[in-house]
2 protein chains.
Amino acid sequence: MKVLVVDDEPQIRRALRTSLEAHGYEVATVGTGDEGVVAAAGARPELILLDLGLPDMDGTEVIRRIRAFSEVPIIVLSVRESQADKVAALDAGADDYVTKPFGIEELLARSRAALRRRGGEEPTTPTPTFGALQVDLAKQLVTLDGEPVHLTPTEYGLLEALATNPGKLLTHQWLLRRVWGQGYGTETTYLRTYIRTLRKKLGDDASAPALIVTEPGVGYRWIAEPSG
Amino acid sequence: MKVLVVDDEPQIRRALRTSLEAHGYEVATVGTGDEGVVAAAGARPELILLDLGLPDMDGTEVIRRIRAFSEVPIIVLSVRESQADKVAALDAGADDYVTKPFGIEELLARSRAALRRRGGEEPTTPTPTFGALQVDLAKQLVTLDGEPVHLTPTEYGLLEALATNPGKLLTHQWLLRRVWGQGYGTETTYLRTYIRTLRKKLGDDASAPALIVTEPGVGYRWIAEPSG
DNA sequence: CGCAGGCGTGAAGAAGGCGTGAAGACGCCC
DNA sequence: GGGCGTCTTCACGCCTTCTTCACGCCTGCG
């Protein structure tokens, strides 16, 4: 049973490693959010213990990025006790939220509970591939024929929304809310603009699409077949 | 979304009911562990909020009894903060453990997290299939002999109305209301036009129909046999 | 046998959405 | 403060889609 510990304080990492290994878990530790996302994709742990107070990245952002490609249980460890922090982390996709200092027995029990719930394996691919196009959801890196493609944050967000829902018809409103936020829903000109740059950068043709199909009046559809 | 609250204190029951109903949940409340187990079996709630300090039965026993027949998420509410209590409840099968007093926002967030996990079991949308014709309702994708068929929103809406009611006679008015909206009901020319394009795109013949039969003066009927 | 209504067929006008290209506004880093 | 990348907005021409109409056929009825 592999567990990934993401925490910037070495003594906490050490303490967690000791306790977890004593209970038969296999433990990997990293110190930054970025490493955490990469390790979640690479090492494929079955449980992640995530400290919210990381130096390099907001904790909810780490959760969101891991959730882009994995359903692995995430238990948040945090010194912050405010409800807003808890709500934000849980709604970002965390499974549980434990405030420091916590008892190791409680943490282990919550880990067991989280693992018990996730009985089945999830087949989600960390890096969906479509022919020459590869989308590394962990590193947020897109390559075409092996060449990295530079995308702005909005462009990447749109691509992620499309590529993680292959074949599905995604409405204007759904895409706008997912990429731009809850307050959006009618700004179809944004979509047209960014779909255009995406098509251009990914070498797609609107009149003979191989990746993104326009569903007039409704939305867009990612039609490329996953090939990895 | 049905929630069952098991708590012996009436004011807590009332407070939870108010908060939960304000957020769109359907709430049932009981005051004893025994009633809780019965209600969990009978009312089939999708989430249970369980107070540990019940007068008639030990909290972990309630959890165990419910777990004997249901995987419904259980969030424990308790005044006891000891690790031993938390471990016991979680290992008995609880999904989460919240100590009173708790913030309602946090409880709601934890409820969403618990529901999200359980609901994660892909709410399998049926994909009606009729020989070579396949209607993927989740993706809103129609394929004929494996080839995607492009339909306009109105065409798809009409097909969905027909294909999800196989064998049933659907009147002009019913179809118009469903596809075009409440304000319609007499525009049978619309129906004729779109039934025609549907037949053309799906390879059906009006004079020898295999999919859509005209019921003169009344409406239309989807006669294809579901085959999957 | 003639007629009327409903249906299938074909087509065309109109409205709105889309792709395209570009330019201004904004925020951020140096 | 300046420069750059990114986001937002606009105008234009084209194309899809919706809506409407006309015509011929069939059916049922008187």
Side-chain angles (χ1 to χ4, degrees), chain A residues 56 58 140 142 148-162 169-181 183-221 223, chain B residues 140 142 148-159 161-162 169-173 175-181 183-221 223:
Chain A
D56 65 325
D58 183 56
Q140 303 202 335
V142 179
V149 180
H150 177 69
L151 299 180
T152 73
T154 307
E155 288 162 4
Y156 177 82
L158 185 56
L159 174 63
E160 182 187 291
L162 289 162
L169 171 58
L170 308 175
T171 66
H172 295 143
Q173 198 184 75
W174 189 92
L175 285 167
L176 284 162
R177 284 226 239 269
R178 156 130 182 193
V179 179
W180 275 265
Y184 295 78
T186 58
E187 296 78 354
T188 54
T189 55
Y190 292 9
L191 277 179
R192 279 189 292 161
T193 306
Y194 278 93
I195 288 286
R196 176 165 173 271
T197 66
L198 261 189
R199 278 174 170 155
K200 188 178 277 184
K201 290 185 177 180
L202 302 181
D204 203 22
D205 181 4
S207 59
L211 300 175
I212 305 170
V213 169
T214 305
E215 299 284 353
V218 185
Y220 293 90
R221 189 195 302 271
I223 57 163
Chain B
Q140 299 203 15
V142 179
V149 180
H150 179 72
L151 300 179
T152 73
T154 308
E155 288 161 4
Y156 178 82
L158 184 57
L159 173 62
L162 289 163
L169 188 140
L170 308 175
T171 65
H172 295 145
Q173 197 184 73
L175 285 168
L176 284 162
R177 290 240 175 98
R178 156 133 182 192
V179 179
W180 276 265
Y184 296 77
T186 58
E187 296 79 354
T188 54
T189 56
Y190 291 9
L191 276 180
R192 278 189 295 164
T193 306
Y194 278 94
I195 288 285
R196 175 167 173 269
T197 67
L198 261 190
R199 279 173 169 155
K200 187 179 279 184
K201 289 186 176 179
L202 302 181
D204 202 22
D205 182 3
S207 58
L211 300 175
I212 304 170
V213 169
T214 305
E215 300 283 354
V218 186
Y220 293 90
R221 188 195 303 270
I223 56 161

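Between the CZ atom in A:R221 and the CD atom in B:Q140 there is a gap of 7.5 Å [rounded to 0.5 Å]. Note that the CZ atom of B:R196 and the CD1 atom of B:I212 stand 13.0 Å from one another [nearest 0.5 Å].
For the pair B:S207 and C:dG8, the criterion of a side-chain N or O lying under 4.0 Å from OP1 or OP2 is not met. The side chain of B:T214 places no N or O atom within less than 4.0 Å of a non-bridging phosphate oxygen (OP1 or OP2) of C:dG6. Close to C:dG17, at under 4.0 Å from its OP1 or OP2, lies no side-chain N or O of A:Y220. The phosphate of D:dC18 (OP1 or OP2) has a side-chain N or O of B:T154 nearer than 4.0 angstrom. Considering only side-chain N and O atoms, B:W180 lies nowhere under 4.0 angstrom from the phosphate OP1 or OP2 of D:dC18.
The CD atom of A:E155 sits 9 Å away from the C1' atom of D:dT6 (whole-angstrom rounding). In this entry the distance linking CD1 of B:I212 with P of C:dG8 reads 10 Å, nearest Å. One interatomic measurement links the two molecules: CZ of B:R221 to P of C:dC7, which rounds to 15 Å at whole-angstrom precision. Atom CG of B:D205 and atom P of C:dG8 are 11 Å apart (whole Å). In this structure, CD of B:E215 is placed 15 Å from P of D:dT27, rounded to the nearest angstrom.
Annotation: side chain of A:L176 is not in contact with side chain of A:T171 (no heavy-atom distance under 4.5 Å).
Listed nucleotides D:dT6, C:dC18, D:dC18 differ in distance to A:H150; the shortest reach to its side chain belongs to D:dT6.
The aromatic rings of A:Y194 and A:W180 sit perpendicular, their planes meeting at an angle over 60°, well past the 30° parallel limit.
Within residues 190-203 of chain B, the residues having any heavy atom under 4.0 Å from DNA chain C are, by residue number, B:R192, B:R196, B:R199.
Between the side chain of A:D204 and the main chain of A:L211, a donor-acceptor pair closer than 3.5 Å is present.
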Exercise for the section: Show your reasoning for whether side-chain hydrogen bond (donor to acceptor under 3.5 Å, both in side chains) applies to A:T214 and A:R192. Expected result: CA-CA 10 Å; A:T214 305; A:R192 279 189 292 161; over 6 Å; no
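Between A:V179 and A:A161, the closest heavy-atom pair is CG2-CB, 4.3 Å.
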